[in-house]
Amino acid sequence: MPPGTAGALVRDLRPLVAAEASAEAHGDAWDSGDLEQSVWVRLLERLDTEGPPPDAAGWVAGAVREEARRARHRAQRECPYPAEPATGPAACPERAALVAERRRALRAAVARAPGRCRRLLTAMLAPEDPTYREIAGELGISQGSLGPMRSRCLGCLRRMLATEVAAPELRGMER
């Protein structure tokens, strides 16, 4: 194929490919741009192997119909999910594994905490999300002393975890 022939062929066929793809894709779920792109790929592959088609307009019409038929066939075979899969950072398997590992490390550190701290932190991490009043009643201490005790126990837990996990930068006072 002489140089420049492919460029001239593409330039000459561009309006025809666009019109045929638009007509064939009209009213269907796929995009005419995708159909056009498939036809251009087929044409470029043909130019490399067989050269330009003798009847370019007829070839374009046939190629567009064939690509549209393939797209319809694919659409019939493909089954959508009954519900969209979860997206976002929480749905990432790696993130889920890291979150689970952090929770395991936290639970293990709470289990090693001194007696009163272990009881307090376990109560605070309960899935029922108890109130301060409920935690104070369960531990048999006054609700007013719960805050200072919580602060001391979290400091203890922070020191325990700092040896196991790289601590983030300090954002406030360290006790």
Side-chain angles (χ1 to χ4, degrees), residues 14 17-18 20-45 64 66-175:
R14 180 172 287 143
V17 171
E20 289 283 339
S22 179
E24 194 66 40
H26 180 72
D28 286 320
W30 61 85
D31 183 17
S32 65
D34 292 340
L35 198 51
E36 269 187 73
Q37 187 174 14
S38 297
V39 171
W40 286 120
V41 168
R42 282 185 65 183
L43 178 62
L44 293 174
E45 288 171 347
V64 169
E66 176 65 20
E67 288 300 321
R69 186 192 65 74
R70 285 182 185 174
R72 279 191 290 275
H73 185 68
R74 263 192 319 271
Q76 289 172 350
R77 284 191 331 241
E78 294 172 351
C79 299
Y81 287 113
E84 281 295 315
T87 59
C92 174
E94 293 86 4
R95 173 143 340 205
L98 289 172
V99 167
E101 181 58 33
R102 283 188 203 122
R103 284 187 181 141
R104 278 190 292 276
L106 176 64
R107 295 280 181 194
V110 167
R112 291 189 318 269
R116 290 184 74 177
C117 285
R118 181 180 327 119
R119 290 183 58 217
L120 172 68
L121 295 170
T122 300
M124 292 185 82
L125 291 172
E128 301 84 37
D129 195 25
T131 63
Y132 265 35
R133 174 178 277 169
E134 293 168 337
I135 293 172
E138 180 183 328
L139 298 178
I141 60 175
S142 73
Q143 190 174 340
S145 64
L146 196 57
M149 184 178 170
R150 173 186 159 269
S151 180
R152 285 190 302 274
C153 290
L154 287 176
C156 177
L157 185 63
R158 192 176 300 115
R159 286 186 297 277
M160 290 172 65
L161 288 173
T163 61
E164 299 172 16
V165 181
E169 292 181 18
L170 296 178
R171 294 191 184 126
M173 293 177 33
E174 178 69 18
R175 292 185 185 198

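In what follows, every heavy atom counts, from backbone to side chain, and hydrogens, waters and symmetry copies are set aside. All residue numbers refer to positions in the sequence shown, counting from 1. Just so it is clear, the structure is predicted and the values come from calculations on it, not from any experiment.
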Quiz item: How far apart are the closest heavy atoms of Leu146 and Ala136, and which atoms are they?
Solution: CD2-N, 4.1 Å
Quiz item: Around Arg77, counting heavy atoms of other residues, nucleotides and ligands shown, do more than 12 lie under 6.0 Å from its CZ?
Solution: yes
Quiz item: Counting distance only, does the side-chain N/O of Glu134 pair as donor-acceptor with the main-chain N or O of Thr131 below 3.5 Å?
Solution: yes
Quiz item: In Å, rounded to the nearest 0.5 Å, how long is the span from CG of Leu139 to CE of Met149?
Solution: 6.0 Å
Quiz item: Which pairs with one or both residues in residues 114-123 pass side chain to side chain donor-acceptor pair (under 3.5 Å), sequence neighbours excluded?
Solution: none
Quiz item: Is there a side-chain contact between Leu154 and Leu121 (heavy atoms, below 4.5 Å)?
Solution: yes
Exercise. Please report the closest heavy-atom contact between Ala21 and Glu36, naming both atoms and the distance.
Key: CB-CG, 3.5 Å
Practice problem: Of all the heavy-atom pairs spanning Pro114 and Cys156, show the shortest one and how long it is. | Solution: CD-SG, 3.8 Å
Self-check item: Nearest heavy atoms of Gln143 and Tyr132, plus distance in Å
Solution: NE2-CB, 4.0 Å
Quiz item: Does Glu67 pair with Arg70 as a salt bridge, N-O distance under 4.0 Å?
Solution: yes
Practice problem: Go through the steps to decide whether Leu125 and Leu106 satisfy the test side chain to side chain contact (heavy atoms under 4.5 Å, CB included), and finish with yes or no. | Solution: CA-CA 10 Å; Leu125 291 172; Leu106 176 64; 4.1 Å; yes
Quiz item: Does the Cys117 SG fall under 2.5 Å from that of Cys153?
Solution: yes
Quiz item: Looking at CZ of Arg72 and CZ of Arg69, how far apart are the two atoms once the value is rounded to the nearest 0.5 Å?
Solution: 8.5 Å
Exercise. Might you point out which heavy atoms bring Met160 and Ala113 nearest each other, and give the distance in Å?
Key: CE-N, 3.9 Å
Quiz prompt | Glu20 to Val64 - nearest heavy-atom pair and separation | solution = O-CG1, 3.6 Å
